[in-house]
Amino acid sequence: MAKRDYYEVLDVAKNASEAELKKAYRRLAMKYHPDRNPDDKEAEENFKEAKEAYEVLGDAQKRAAYDQFGHAGVDPSMGGGPGGPGQGNFSDIFGDIFGDIFGGAGGGGGSRGSQAYRGADLRYNLSLNLEDAVKGTTVKIRVPTMVKCGTCEGSGAKKGTSPVKCSTCDGHGQVRMQQGFFSVQQTCPTCRGTGQEIKDPCGTCHGQGRVQEQKTLSVKIPPGVDNGDRIRLAGEGEAGEHGGPTGDLYVQITVNEHPIFERHDNNLYCEVPIDFVTAALGGELDVPTLNARVKLKIPAGSQTGKTFRLKGKGVKSVRGGSEGDLMCMITVEVPVNLNTRQKELLQEFGDSLSGNGKHSPKTTSWVDGVKKFFDEMKF
């Protein structure tokens, strides 16, 4: 059976670029791959046909021979180019296709050399009191981390020596296993993908290129941070492997509970207990803020739960915007541990109020409601 024209197989023009060829092959390989078309002989043949077409057109030398002599120019049985289909840069696209289907890493046919890896990011949990979180501060922290080995300068090899090309993968960092017409590419088990072996490891880091240390950092906390905020310190994470870039350090903020204030967004809340007399007659008292004392006027007849707003006495968020408010909620404290005389006076005071609902309108209203409820009930 005569072979179809390779450009026709890939459905591209004769002047198609390398990127267009690659895109066309990826589309066909995804469509006809045997794993996506089990027990479908036609799909398998289409896959092989597309694979063969790309092996030729994806290689500049073979493509030139094919353009001049057709299939005879690339068919070894007809005296075509060296090696025939199966060489060239097919490994590049093959790795890409299997990366798409199986989630694996794409792999090229060229040497990878020593591969550098970025260092890990680190997290540090920092607890602050409310005052420091609102006003901002600078704190010193000690962080255990991996840093570049000073003895070998991060190479992992003993001083005066150098890593050598991996004998297992020949410096590629990956090895290829053939299973039928499938080729599976894996990370080299000897060099773990670096492409290099350390024959004589550094005595300080034992070939890792990194050592663990405690480092002290000065962290500037901006005003207005809150629970859950993160501060990123670029380049203060772990050192990278084989000369790779350093990771980052993330400082996670936790604000400790305050004995007086409670923060919600940009507002502060506090509970202000007042005595029975001040609640009844009114008065003035000092209320704390995070900056200074302020005077709060309590009107006569104030009840528990009444809230006073002090504008601009809250928090200004680290993200900007206006400053929040301080919300002061009144709690009326009932006298306790009364002596005999105090009880007598209080009883006299209660008797003087008896029968006059205007002094306790909420109580009178509630009692009237309860009386009406019972009157309407049918037992």
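The structure presented is a predicted model; accordingly, all values stated were derived computationally and were not measured. As a basis for the values below, the full set of heavy atoms in this structure was taken, side chains included, without hydrogen atoms, waters or symmetry mates.
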Check whether any side-chain heavy atom of C328 lies under 4.5 Å from a side-chain heavy atom of T307, and answer yes or no. no
Return the NZ to OG distance between K199 and S167, rounded to the nearest 0.5 Å. 5.0 Å
Salt bridge present between K51 and E49 (N-O < 4.0 angstrom): no
Indicate the atoms forming the closest heavy-atom contact of D325 with K311, along with that distance. OD1-CA, 3.2 Å
Does CD in E257 sit with more than 12 non-hydrogen atoms of other residues, nucleotides or ligands closer than 6.0 Å? no
Is there a side-chain contact (heavy atoms from CB on, under 4.5 Å) between H258 and V255? Walk through the geometry before answering. CA-CA 9 Å; H258 196 273; V255 181; over 6 Å; no
Once rounded to the nearest 0.5 Å, what's the spacing between atom CD of E131 and atom CG of L128? 11.0 Å
Answer yes or no on whether K306 is positioned over the face of F308, meaning its NZ or CZ is under 6.0 Å from the six-membered ring centre and within 45° of the axis. yes
Taking F261 as the starting point, is it possible to reach M329 by hopping between hydrophobic residues whose side chains are less than 4.5 Å apart? no
Give the minimum heavy-atom separation between A280 and A300, together with the two atoms involved. O-CB, 3.4 Å
Criterion side-chain contact (heavy atoms from CB on, under 4.5 Å) on V315 and L268, from CA distance to verdict: CA-CA 7 Å; V315 180; L268 293 176; 3.8 Å; yes
Would a 4.5 Å heavy-atom cut-off, applied to side chains only, mark I231 and I253 as touching? yes
Establish whether V147 and L233 are linked, either directly or via other cluster members, by ILVMFWY side-chain heavy-atom contacts under 4.5 Å. no
Close side-chain approach of Q342 to L345, heavy-atom, < 4.5 Å: no
Check: T304 and I330 side chains under 4.5 Å, non-hydrogen atoms: no
Looking at every non-hydrogen atom in both residues, tell me the closest pair between E323 and G314 and how far apart they are. OE2-O, 3.6 Å
Can you confirm whether V334 sits close enough to F276 that some side-chain heavy atom of one is under 4.5 Å from a side-chain heavy atom of the other? no
Using a 6.0 Å cut-off, check whether atom CD of E42 has over 12 heavy atoms from anything other than its own residue. no
Looking only at heavy atoms, what is the nearest atom pair of N266 and S317, with distance? OD1-CB, 3.3 Å
If Ile, Leu, Val, Met, Phe, Trp and Tyr residues are connected whenever their side-chain heavy atoms lie under 4.5 Å apart, and connections chain through other members, are M327 and V287 in the same group? no
Donor-acceptor under 3.5 Å (T254 side chain, Q252 main chain): no
Are E8 and R4 within salt-bridge range, i.e. N to O under 4.0 Å? yes
Is it the case that the side chain of D67 and the backbone of A64 share a donor-acceptor pair, with hydrogens and angles ignored and the cut-off at 3.5 Å? no
Taking I260 as the starting point, is it possible to reach L285 by hopping between hydrophobic residues whose side chains are less than 4.5 Å apart? yes
Could you tell me whether the side chain of P223 reaches within less than 4.5 Å of the side chain of K135, counting heavy atoms only? no
Under the side-chain contact (heavy atoms from CB on, under 4.5 Å) rule, what do I221 and D132 come out as? Steps first, then yes or no, please. CA-CA 8 Å; I221 308 298; D132 286 340; over 6 Å; no
Residues R142 and Y124: closest non-hydrogen pair is O-CE1, 3.5 Å
Option from K215, R232, E236, R123 for which side-chain contact (heavy atoms from CB on, under 4.5 Å) with L249 holds: E236
Sidechain N-carboxylate O distance under 4.0 Å for D170, K165: yes
For the residue pair R230 and Y250, would you count it as a cation-pi contact if the rule is NZ or CZ under 6.0 angstrom from the ring centre and within 45 degrees of the ring axis? yes
Look up atom SG in C166 and atom CD in Q196, then write down how far apart they are to the nearest 0.5 Å. 9.5 Å
Does the side chain of R63 reach to within under 4.5 Å of the side chain of L21, using non-hydrogen atoms? yes
d(K297 NZ, S302 OG) to nearest 0.5 Å is 13.5 Å
Checking the side chain of H33 only, and the main-chain atoms of M30 only, is there a donor and an acceptor separated by less than 3.5 Å? no
Shared hydrophobic cluster, Y269 / I274 (ILVMFWY, side-chain heavy atoms < 4.5 Å): no
Side chain T289, main chain K313, donor-acceptor under 3.5 Å: no
Donor-acceptor pair, side chain of D59 and main chain of Q61, under 3.5 angstrom: yes
Derivation of the side-chain contact (heavy atoms from CB on, under 4.5 Å) call for L130 and N256: CA-CA 7 Å; L130 181 62; N256 298 325; over 6 Å; no
When rounded to the nearest 0.5 Å, the distance separating CG of L10 from CZ of R26 is 14.0 Å
Between OG1 on residue T204 and NZ on residue K158, distance to nearest 0.5 Å: 11.0 Å
Report yes if some heavy atom in the side chain of C270 is under 4.5 Å from a heavy atom in the side chain of V272; otherwise report no. yes
Heavy-atom count check: over 12 atoms from other residues, nucleotides or ligands less than 6.0 Å from E333 CD? no
Is the backbone of V211 close enough, under 3.5 Å, to the side chain of E213 for a donor and an acceptor to pair up by distance? no
With a 4.0 Å cut-off, would you call K62 and E55 a salt bridge? no
Between D286 (side chain) and R293 (backbone), is there a donor-acceptor pair under 3.5 Å? no
Do the side chains of K23 and E20 get close enough for a salt bridge, i.e. N-O under 4.0 angstrom? no
Is there a donor-acceptor contact under 3.5 Å from the side chain of E238 to the main chain of D121? no
Would a distance-only check, ignoring hydrogens and angles, find a side-chain to backbone donor-acceptor pair under 3.5 Å from N37 to A43? no
Work out which heavy atom in G224 is nearest to a heavy atom in R263; give both atom names and the distance. O-NH2, 3.2 Å
Under 4.0 Å between a side-chain nitrogen and a carboxylate oxygen: does that hold for D248 and R118? yes
For a side-chain hydrogen bond (donor to acceptor under 3.5 Å, both in side chains) check, start with the C-alpha distance between Y66 and D5, then their side-chain angles and the critical distance, and finish with the verdict. CA-CA 10 Å; Y66 177 76; D5 179 78; 2.9 Å; yes
Do any N or O atoms from the side chain of Y54 and from the backbone of Y6 form a donor-acceptor pair under 3.5 angstrom? no
Is E44 salt-bridged to K48, going by a charged N under 4.0 Å from an acidic O? yes
